[in-house]
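Notes for the one structure printed next.
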Amino acid sequence: MQSPPAQPVLKIALPLPLRQLFDYLPPASGAGLQAGARVVVPFGTRKLVGVVVDSARGSEVAAAKLVRVAAAPDGAERVLTAESLDLLKWCWNYYKHAPGEVVFNALPPLLRKPGGAIPPPPEQYALTAAGKDRLGQPAGRLKTQYRMLEAMREQALTATQLAALSQNWRKLLDSLADRQWVRAEPRPPAELKPVPGPRLAPGQEGAVNAIAESLGTYRCHLLDGITGSGKTEVYLCLLERVLREGGQALLLVPEIGLTPQLLNRFRTRLGIEPVVTHSGLGDGERLQAWALAKSGSARLVIGTRSALFLPLPDLRMMILDEEHDASFKQQDGFCYSSRDVAVKRAAGLGIPIVLGTATPSLETYNNAVRGRYAWHRLRTRATGASEPRWRVLDLVQQTLHGGISATAMDAIGGVLAKGEQALIFLNRRGYAPVLLCHQCGWHAVCERCDSNRTWHRASRALLCHHCNSVQRVPRMCPDCGADALQGAGEGTERLEQVLAEAFPDAPLLRFDRDTVRRKGEFERMTTKVKSGGPCLLVGTQMLAKGHHFPAVTLAVIVNLDQALYSADYRAVERMGQLMVQVAGRAGRDKLPGEVILQTHYPQHESLQTLLASGYEAFAAEISEHRRAGCLPPFSNHALLRASAHRKDDVRAFLDAAKGCFPEGGAEIFGPFPAMMERRGGRTRWYLLIQAGARSALHRQLDAWLPRIGNLPPARKVRWSVDVDPQEY
Ligand code: ADP
Ligand code: ZN
Ligand code: ZN
């Protein structure tokens, strides 16, 4: 073999599902492209955007085949800092995912395209001396322009603020600039104007001091506080401190936690406009948020999962609220836990990170138990309100009306009579989870998934909640032709109907994905609830999180029994978290609260522990079950998932893959069918790799994965790796 020529070569990440970087020659101009810079490269007949990850002398690709980078669209400017590149490298090594997809996941969508460009640093517009003189004279014919000048009298204005004055502001501003009355200047970081909050309780103060003490070094803090214990106040004090010292801070929240209510609280208390980012924003807005973060002019960034990867040159603290929330784990494509990556980022930067929750995940709980995380407990409600009282209703032999027992109905009636509010929780939307024929037993199933179709009565649809396919509701049974179709079980739509019949005079609001579809709808509904007066709230998870409804004094949990005997070892943990979150909605203000739990299994051990001794004891107990079963977090899991239309193809691939699994400390089990074997028309199975030591798991995966792609049966399946899986 010839020795490769020692010419400089760029290692480039391209948005392709391949576990490799691609070698290119630097652009003809010879510009010294640094790691983190965007490039455009020819790839086959296409042009792709890529990001330079590294440079090297020489390549394994034959010199004659090496192609040159076509363009460097951002010049010398980089889209990824050394810090973000290091974090992303760690991500693709740890999660075994294609580097290009990991890198592109971290870029705003517009920068993933050849046409996209880094926006110029944000500007603001200020009066010149001549502009001030002009204000000394009457407006004359200027009108709107004069109003703009006046608005700038006290302070420079941003584009957003000017846009509020006139739709035509851009043109008017240009003419003001032409006359040299106004000039553009770089926007300085927003100034903090905090207003004092409540006096901290000793527990809160202790947490704030301990966390603030660790500023400037890496430390992971678990802020373990019951709902209403004032965790958000702790965040506010810490943020005020970080921002006052000129740092940037990042607050990550679950997908449905990003409410105007929460943002307002931060805005008013800190007197600073947080930069908000989440996947629901338009591409332009996401690019803006990214640019503000990168320029350092965004001091406080609040966002969901993906905000974790924003460039933040002066990041000094991260906070993850509701750390146990499942939405922090990305479930498809690049499967990563934003909580774990956030902790990694904090460690890399040498800054503290706060994980806040009333119901720590077992992973976090055990890290706290082992002393790897500092543990701050807040066990009383900040307002002095007492914790809600639990009442367990044994459903055995109870008559149910639309899923609600007579006892619960009475309690709801009592609450309404007192002019208070009740929340009825059921984690299932639609009218009924099953539509069946009373004559022959036919029931509506999804032909593409192992699942029944949910009957949505108002929209006359049979919807599969797993692949979203829709069918119309038949009038007669498609099998026997009888006019005997009826729903079995209940969803929130049915609960709404039953409660409306039972309490015709009470205002009733239903919160689920079907009713809260339109933008602003959720806000409108919560405002109505908060205005007080008797009212019923029916809803799913959406109601369980973070909201403060002062007049709710009763929460009814209609049914969570499924979780108690589920094959999913995490089901009980999730059930406990959900129960505590729902209960946390009751009696948050002056009025005492009650929670009614309807169950067929009041004697269930973990349920009893949770009710009698609280979440921490519950976590300790189910932890012991996990330890005994050698399950995470007491062992490390990774899955090799595969899917195809034909089961034989999936099995053949996984059998072959298992056959070439290397020896070592990690063991391989399976193939097993996924918890839902068929979804969206594909059959899904997996292999489970389990190890006591994380290092063994990774060593073997790294040796194994390159062999898998070359197996002949791999061509017939889609396969992916999920490290630290949440679902099986
Ligand atoms: P959490 O985030 O733990 O649910 P919050 O920070 O939202 O708790 O606090 C719950 C309620 O108690 C809020 O209305 C908040 O303003 C109030 N609160 C928090 N801390 C204090 C305090 N030290 N003194 C008085 N009220 C407080
Ligand atoms: Zn029938
Ligand atoms: Zn389906």
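Numbering starts at 1 and runs along the sequence shown. Since we're looking at a predicted model, the values are computed, not measured. For ligands, and for the atoms within them, numbers begin at 1 and follow the listed sequence.
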Out of curiosity, is Ser229 lining ligand 1, as in a heavy atom under 4.0 Å away?
-> yes

Is there a nitrogen or oxygen of Gly230 sitting under 3.5 Å from a nitrogen or oxygen of ligand 1? yes

Among non-hydrogen protein atoms, atom 12 (O) of ligand 1 lies closest to Thr383 CG2, 3.3 Å

Next on the checklist: Regarding Gln497 and Glu493, do their side chains bring together a donor and an acceptor under 3.5 Å, going by distance alone?
Outcome noted: no

Do Arg453 and Ser469 have side-chain atoms, one donor and one acceptor, less than 3.5 Å apart? yes

With salt bridge (Lys or Arg N to Asp or Glu O under 4.0 Å) as the criterion, how do Lys329 and Asp722 come out once you've worked through the C-alpha distance, each side chain's angles and the decisive distance to 0.1 Å?
CA-CA 11 Å; Lys329 166 91 190 204; Asp722 191 351; 2.8 Å; yes

With rounding to 10 degrees, Cys437 SG, the Zn ion (ligand 2) and Cys440 SG define an angle of 110°

At under 4.0 Å between heavy atoms, what of Leu378 touches ligand 1? The answer is neither

So the atoms of ligand 1 within less than 4.0 Å of a heavy atom of Ile226 turn out to be 3 (O)

Exercise for review: Decide yes or no on side-chain hydrogen bond (donor to acceptor under 3.5 Å, both in side chains) for Arg682 and Ser643, but give the supporting numbers first.
Suggested key: CA-CA 6 Å; Arg682 302 181 71 85; Ser643 75; 2.9 Å; yes

*Taking 4.0 angstrom as the limit, do Arg265 and Glu233 come out as a salt bridge?*
yes

Paired with Asp224, the side-chain hydrogen bond (donor to acceptor under 3.5 Å, both in side chains) test is passed by just one of Tyr373, Tyr615, Tyr365, Trp375, namely Trp375

Ala201 heavy atoms within 4.0 Å reach ligand 1 at atoms 23 (N)

of all protein heavy atoms, closest to atom 20 (N) of ligand 1 is Gln204 NE2, 3.0 Å

Among non-hydrogen protein atoms, atom 2 (O) of ligand 1 lies closest to Thr232 OG1, 2.6 Å

Taking 2.8 Å as the cut-off, does His466 contribute an N, O or S atom near the Zn ion (ligand 3), distance below it? no

min-distance protein heavy atom vs atom 4 (O) of ligand 1 -> Gly228 N, 2.9 Å

Any heavy atom of Arg265 under 4.0 Å from ligand 1? The part involved is side chain

For the Zn ion (ligand 3), angle spanned by Cys464 SG and Cys446 SG (nearest 10°) is 110°

For SG in Cys467 and SG in Cys449, the angle at the Zn ion (ligand 3) (nearest 10°) is 110°

Of the backbone and side-chain N, O or S atoms of Cys480, does one lie nearer to the Zn ion (ligand 2) than 2.8 Å?
yes

In Leu485, Leu436, Leu463, Leu462, the residue satisfying side-chain contact (heavy atoms from CB on, under 4.5 Å) with Trp455 is Leu462

inquiry  = Does any N or O of ligand 1 fall below 3.5 Å from an N or O anywhere on Glu233, backbone included?
reply    = yes

heavy-atom search around atom 21 (C) of ligand 1 in the protein gives Ala382 CB, 3.5 Å

Exercise for the section: Take the angle between the ring planes of Phe511 and Phe549 and call it parallel below 30°, perpendicular above 60°, tilted in between. Expected result: tilted

Atom 14 (O) of ligand 1 sits nearest the protein heavy atom His548 NE2, 4.4 Å

Next item on the list: Classify the side-chain pair Ser566/Asp568 by whether it contains a donor and acceptor separated by less than 3.5 Å.
Entry: no

Note: ligand 1 atoms sitting under 4.0 Å from heavy atoms of Leu200 are 23 (N)

- Message: Quiz question: by atom type and distance under 3.5 Å, do the side chains of Ser361 and Glu323 form a donor-acceptor pair?
- Response: yes

* Any N or O of Arg199 closer than 3.5 Å to N or O of ligand 1 -> yes

For Arg316 and Ile351, the nearest pair of non-hydrogen atoms, with its separation, is O-CB, 3.4 Å

With Glu677 as partner, the option from Lys647, Arg684, Arg651 fulfilling salt bridge (charged side-chain N to carboxylate O under 4.0 Å, His left out) is Lys647

The closest protein heavy-atom partner of atom 25 (C) of ligand 1 is Pro198 CB, 3.6 Å

Q. Taking the six-membered ring for Trp, are Tyr686 and Trp719 ring centroids under 6.0 Å apart?
A. no

